[in-house]
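Fair warning: this is a prediction, and the values are worked out from it, not measured in the lab.
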Amino acid sequence: MKKIVVLGGGYGGVVTSKHLAKLFKKDKDVEIQLIDRNPYHTLLTELHEVAANRAPEDSVKIELKKIFAGQKVDVVLDSIDAIDFNANELRSKRETYKYDYLVIGTGCKPTFFGIPGAEEHALTLWSYEDAVRLKEQVRRKFSEAAKVSNPAKRRKMLSFVVVGAGFTGVELVGELAEFRDELCKEFYIDPSEVRLVVADMAPKILPILPDKLIEKATKRLHKMNVEIITSAKITGVTPTSVQLGEGKELEADTIVWTAGVEGSELVGKLDVKQEGRKRIVTNDKLQSVDHENVYIVGDNIFFIPEGETRPVPQMVENAEQAGPLIAHNIYADVHGKPKKSYKPGFHGTMVCIGSRYGVANVGLPNKMFMMSGFMAMFCKHLINMYYLFTVAGFAKVWTYMMHEFFHVNNRRSFVGGHFAKRSPNFWLLPLRIFVGYKWLEEGLDKLPKVWKDPSNIFLIPASPKADVVSAASEAASEVTKTVDAQAAASAVESASTAVTALPVPGFIKSIVSWFMDVFFYTSDGGYTALATVFQFFMVFAEIALGIMIIVGLFTAVASAATVALGVMIWSSSMASTEMLWYMTAGVALIGGSGSTFGLDYYVLPWLKKQWKRIPFVRRWYLYTE
């Protein structure tokens, strides 16, 4: 019996265990065990979303036993305190675990570079608990500040400093900027009173990215009213400030440290060769150079690939590529096959700055492409979903889509609130486009006729005084297709064609006949000038309604007009059964269908804002929240 122990349920540990389970699926004499102190795998790259209240707390956790349900991996919950490489044992306070092969993937923890007070007084963002604690701290400070009248004290309570302008720091401060706007509205605080700062000892933010993307990221942060301080000489941290040396300081009640990481506490105690900040040195097979049956995965790896001058970066893709290789090499060792060398090919980096904007430098190892805005966020979500699918299948991808696109508040998604499930108008989008197209088609088909001969009236029934036969013939000639409900129904009424008009109660018929006699018919059975104007109006109304419904502008009004127009045509005994379709579709679209990929999404909030500025509107509360 061979026993493989994977220590750590992070990205590297999970990916490695998944591939080991697949490779050794038929090997009954191989046991795979994953040990972690938590019962869940944490999506560390998404912690900022929880910390700033964009995503629910449980969205960054995946239960390990669910990940490995039905697979050949035994999940053990324990905290390992020591490893005896000579005895091939892992030890905790309650048990000892034997192994034949060991994969170390315990990850990292924040490093404070020996700066006084940093570890004691700053919050961190490196675990699920950190994210929840930070969210509660931010909300509490807003709540407390709302009750304080002293300006200086209030400003300090509403100041938030993020130390570290790498990926974690920039993503966090971007999310906090959006969270700030929500909390200001909730606690009636002017946003200008809130101070958000990201500070770093490096000369620029996001130094791993190209300068062009750094400029875009900087511009975006400034637009979100985030202060950027670079080349900062950070000399200390107190409970209420960050010391910058030479008597300078940043006062804040909330300080978050995201300035760097080092190997986990356990790794720091191991008797193995280490470089960098507690990273274990490996050979090209990702084995520890000290112990050939010990493999290293994820952030714990210190390996410089051939032709490179720097070690592999501490990023998720490194874990995703190292895991399968380690699984292969262990399988090869067990079965006497050749091992593979680690030749990573990274596909770039992505940073989101809030929920709606991001920058990315992605592509192939020898050809990168710079993206920003929508496309950068699209790529980030796509890659996240790909990873989740490989780890936990469709179920987790669906959950991710729910909290990223559908269950969003305050439009905090890269597609805004267009897909927000609380207003599920996106399901009406195909119907809206189709109804609009049909109206537009109707109007454009009739426009040349009314333009060429305005006196040719075909949208109003012929007067009973006119020659019934000739009127019916003229109406029938105007019917070019069955969708032309008005013309078809007119032909039915006048010439008994195959199409049947919808029945109309007698009292409505008499009212409509009286109205037409007064406004549309002359004494000799002809049409008045008003009838010509009305026909022009009907044709242009169809075109206007079609355009408005398609582009989603004042869709509720246009949809209501669709229903009204249908009722009017029906009451004149000119509506075919197809008109029922128009009317019921119009009813379905009234409820704000233009708020999804339509101009209403932008125009109505703007108009509402302008409306509320009118004095008498504010005075008499003539608005809705």
Side-chain angles (χ1 to χ4, degrees), residues 45-54 122-125 131 134-135 137-139 141-142 145 154-187 189-209 211-232 234 237 240-242 244 248-259 349-360 372-373 376-377 380 410-414:
T45 58
E46 310 303 310
L47 289 178
H48 58 278
E49 296 188 20
V50 169
N53 200 42
R54 171 148 71 100
L123 297 172
T124 57
L125 187 63
L134 178 55
K135 179 173 70 171
Q137 163 82 358
V138 173
R139 175 174 288 279
K141 285 301 171 184
F142 271 82
R154 186 179 169 100
R155 180 169 178 78
K156 188 159 67 70
M157 295 173 73
L158 293 173
S159 293
F160 305 87
V161 176
V162 177
V163 180
F167 292 166
T168 303
V170 169
E171 289 192 324
L172 174 60
V173 81
E175 293 288 346
L176 287 176
E178 293 185 350
F179 194 23
R180 168 200 60 202
D181 296 339
E182 293 180 6
L183 291 173
C184 283
K185 186 174 181 180
E186 180 180 346
F187 293 103
I189 291 173
D190 191 322
S192 64
E193 292 186 73
V194 184
R195 187 185 187 194
L196 286 177
V197 183
V198 59
D200 202 301
M201 294 174 273
K204 54 187 176 182
I205 67 172
L206 304 171
I208 197 173
L209 291 178
D211 287 341
K212 185 176 180 181
L213 293 181
I214 292 175
E215 290 174 9
K216 288 189 174 186
T218 301
K219 185 177 180 181
R220 182 67 178 187
L221 288 173
H222 284 153
K223 186 177 180 180
M224 301 173 86
N225 294 320
V226 174
E227 296 179 42
I228 300 173
I229 299 176
T230 53
S231 301
I234 299 173
V237 177
T240 57
S241 70
V242 176
L244 300 180
K248 298 179 182 178
E249 66 177 2
L250 291 171
E251 283 196 339
D253 275 5
T254 304
I255 300 160
V256 189
W257 192 271
T258 63
T349 51
M350 294 157 289
V351 182
C352 64
I353 306 172
S355 60
R356 307 182 192 97
Y357 188 87
V359 292
S372 60
M377 293 297 290
K380 182 176 175 66
N410 300 304
R411 301 182 177 180
R412 290 182 71 178
S413 166
F414 86 117

Quiz prompt | Where Ala177 and Met224 come nearest, the two heavy atoms and their spacing | solution = CB-CE, 3.8 Å
Quiz prompt | Within-4.5 Å side-chain heavy-atom neighbours: Val173 and Leu221 | solution = yes
Quiz item: To the nearest 0.5 Å, how far apart are NZ in Lys135 and CG in Leu125?
Solution: 12.5 Å
Quiz item: Under the side chain to side chain contact (heavy atoms under 4.5 Å, CB included) criterion, do Leu209 and Val359 qualify, and how do the steps go?
Solution: CA-CA 9 Å; Leu209 291 178; Val359 292; 3.8 Å; yes
Exercise. Would you mind reporting whether Lys204 and Asp211 have side-chain heavy atoms less than 4.5 Å apart?
Key: yes
Quiz item: Going by heavy atoms in the side chains, are Glu249 and Val242 under 4.5 Å from each other?
Solution: no
Quiz item: Is the shortest heavy-atom distance from the side chain of Arg139 to the side chain of Glu182 under 4.5 Å?
Solution: no
Self-check item: Minimum-distance pair of heavy atoms, taken over all atoms of Leu250 and Leu244
Solution: CG-CD1, 3.9 Å
Quiz item: Distance from Glu175 atom CD to Ser355 atom OG, nearest 0.5 Å?
Solution: 6.0 Å
Self-check item: Side-chain donor/acceptor of Arg220 to backbone N/O of Gly358, under 3.5 Å
Solution: no
Practice problem: Check the pair Glu251 / Arg155 against salt bridge (Lys or Arg N to Asp or Glu O under 4.0 Å), numbers first and verdict last. | Solution: CA-CA 9 Å; Glu251 283 196 339; Arg155 180 169 178 78; over 6 Å; no
Quiz item: Which atom pair, heavy atoms only, marks the closest approach of Arg180 to Asn225?
Solution: NH1-O, 3.6 Å
Quiz item: Taking C-beta and beyond as the side chain, do Cys184 and Pro191 meet within less than 4.5 Å on heavy atoms?
Solution: yes
Quiz item: Hey, are Lys380 and Glu171 close enough for a salt bridge, meaning a charged N less than 4.0 Å from a carboxylate O?
Solution: yes
Quiz item: Any side-chain heavy-atom pair from Val197 and Ile229 closer than 4.5 angstrom?
Solution: yes
Quiz item: Are Arg412 and Glu49 within salt-bridge range, i.e. N to O under 4.0 Å?
Solution: no
Quiz item: side-chain contact (heavy atoms from CB on, under 4.5 Å) with Val351: which of Leu206, Ile205, Thr168?
Solution: Leu206
Self-check item: Point-to-point distance, once rounded to the nearest 0.5 Å, from NZ of Lys248 to CD1 of Ile234
Solution: 13.0 Å
Practice problem: To the nearest 0.5 angstrom, please state how far the CD1 atom of Ile255 sits from the CG atom of Leu123. | Solution: 8.5 Å
Exercise. Using a strict 4.0 Å threshold on nitrogen-to-oxygen distance, state whether Arg195 and Glu227 make a salt bridge.
Key: yes
Quiz item: Which heavy atom of His48 sits nearest a heavy atom of Cys352, and at what distance?
Solution: NE2-SG, 3.4 Å
Quiz item: Out of curiosity, Phe187 CZ to Leu158 CG, how far, rounded to the nearest 0.5 Å?
Solution: 10.5 Å
Quiz item: Heavy atoms, side chains only, cut-off 4.5 Å: are Asp200 and Val163 in contact?
Solution: no
Quiz item: Between His222 and Ile228, does a side chain to side chain contact (heavy atoms under 4.5 Å, CB included) hold up when you go through it step by step?
Solution: CA-CA 8 Å; His222 284 153; Ile228 300 173; 3.8 Å; yes
Quiz item: Between Leu172 and Val162, what is the shortest heavy-atom contact and its length?
Solution: CD2-CG2, 4.1 Å
Quiz item: Would you say the side chain of Val256 lies within less than 4.5 Å of the side chain of Thr124, judging by non-hydrogen atoms?
Solution: no
Exercise. Work out which heavy atom in Tyr357 is nearest to a heavy atom in Lys216; give both atom names and the distance.
Key: OH-CB, 3.7 Å
Quiz item: Between OG1 of Thr254 and CG of Leu176, what distance do you get to the nearest 0.5 Å?
Solution: 9.5 Å
Quiz prompt | ring pair (Phe, Tyr, Trp, His ring centres under 6.0 Å) contacts touching residues 156-183 (sequence neighbours left out) | solution = Phe142-Phe160
